[in-house]
Amino acid sequence: MSCNPDKLLLLVRGHRVADVEAHVERCTTCRRELDVLRAEQGLFSRRAGAAPPPPARVWEAVARQVAVENDRRVRGRSRRLFFLRMGGLALFAAAAVVLVLSQRPRPATPAPQLAANQEQSSDAGSMVPLTNTSAPRQARRHVDPLVTLSKAEREYKRTITTLEAEYAELWTGIDHQVRDRYDREIASMRKLVLKTRAAADKDIHGRRRVLDVYAAYVKTLRTVLIEEGIR
Amino acid sequence: MPLEAQLAERASSGDAVAFRQIYERHSPAVWRFLRDLIRDDSAAEECMQETFVRAHTKLSTVREGDKLCPWLLGIARNVWYEHSRKRRRMVGSSEATLEAEADAGPSPEASLLGREADRILAAALSRLSEERRAALLLQMDHGLAYADIAKVMGWSLAKVKVEIHRARLVLREDLKRYLGDE
């Protein structure tokens, strides 16, 4: 072994290191350095031994603050549970909207058969039943699907605002690395929402895709909050 | 699972007794570290309080095999760093503050002890810059290994070694008589 002052510290701290001890036996420089290090350590140890303990009021203040923090966490947890359930409901409601819209018959223009029947009945002046008797009623009930989609979108936005606020509240307490990962995931979801929404404009299929992306974003936020909040 | 990680896990799940045990066990070292760095008891109390409150919220990040003392000293170092940044902004330029610190002389504690070597040690420590002093204290007072000091200070291993070496040179110059190093 060659001279290595760092290893001498091990001896100062009471460790038994055979090759270092053997080296010190032979090397006067290291023996001298070891003596100085021991003297230094002695001064520091005496100083540490004489240092007063922290005042009792420090613990009292810490305990008080921790209790407040715990209380806030418990209240926050039940509030988060509420919002998480709300997020689940929003997902369910939006899924129902999409289902209804996708099964809805194409509206408004009468079928060729229906038009022919209408012509025929007016020619004959008689009350011949129409092929599709419910058509006028359906036309009256017709609601613009874009309005329904916009409603669902608004619901999503409201849920997302609430979940994002919850995340912002937890943010400072989250470990840096984990927080960075969440931030990246959330930023990419936001970007996707904006992009899909801009591309969709008034196209109904595009707007349905927007709802799907909103749903994925709500799921991401819920996962983050479950991981962080409901430990 | 080592005892420290068990304690941390219990404390993080709301066990107040476990958190109190952690405090009892490690507060003297954290307190000494903060006092040595800040050299103002009331500011050190504030930082101490902040350190343990912050530690409590982060206990769930302690992993098996982590040592609590260096982990707590790392938090204390961050709290102290934020405190000194704030103080520098208030006082003015950082140079003025560093000069003031260098002239601060030994702490009242050392003077009361009346031991000349202790007094000179305190004076020598006060001549070091805050960060260099922190690194040396982590090694000599708290017995941390270079790797742990690097983690606490957020430095490279090489920087830790250089800083401690330089701090030790200053110390030895002042303490020649007491170290038998003349």
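In what follows, every chain begins at residue 1, and chains take the letters A, B, ... in the order their sequences are listed. Model, not experiment: these values are computed from the prediction.
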Using a heavy-atom distance cut-off of less than 4.5 Å, which residues of residues 10-19 of chain B contact chain A?
B:Ser12, B:Phe19
Please state whether the side chain, the backbone, both or neither of A:Leu10 comes within less than 4.5 Å of a heavy atom of chain B.
neither
Any B:Gln139 side-chain heavy atom under 4.5 Å of A:Leu9 side chain:
yes
Under 4.5 Å between any side-chain heavy atoms of A:Val66 and B:Tyr23, yes or no?
no
Residue [X] versus chain A: region with a heavy atom under 4.5 Å:
X        : result
B:Leu125 : side chain
B:Arg54  : neither
B:Leu34  : neither

If you count the non-hydrogen atoms of other residues, nucleotides and ligands that lie under 6.0 Å from OH in B:Tyr81, is the total more than 12?
no
Shortest non-hydrogen pair, A:Phe44 vs B:Leu137, comes out as CE2-CD2, 3.8 Å
When rounded to the nearest 0.5 angstrom, what distance separates CD1 in B:Ile164 from CG in A:Asp6?
8.5 Å
Can you list the steps and then say if B:Arg168 with A:Leu37 is a side chain to side chain contact (heavy atoms under 4.5 Å, CB included)?
CA-CA 10 Å; B:Arg168 190 167 270 132; A:Leu37 278 173; 4.0 Å; yes
Sort by residue number and list every residue of residues 54-63 of chain A having at least one heavy atom under 4.5 Å from chain B.
A:Pro54, A:Pro55, A:Arg57, A:Val58, A:Trp59, A:Ala61, A:Val62
What's the verdict on side chain to side chain contact (heavy atoms under 4.5 Å, CB included) for B:Asp36 and A:Arg47, showing C-alpha distance, side-chain angles and the deciding distance?
CA-CA 11 Å; B:Asp36 282 336; A:Arg47 185 173 168 279; 2.5 Å; yes
Answer key: most heavy-atom pairs under 4.5 Å with chain A among B:Thr57, B:Val53, B:Asp41, B:Val30 is B:Val53
Any salt bridge between A:Glu40 and B:Lys176, counting N to O under 4.0 Å?
no
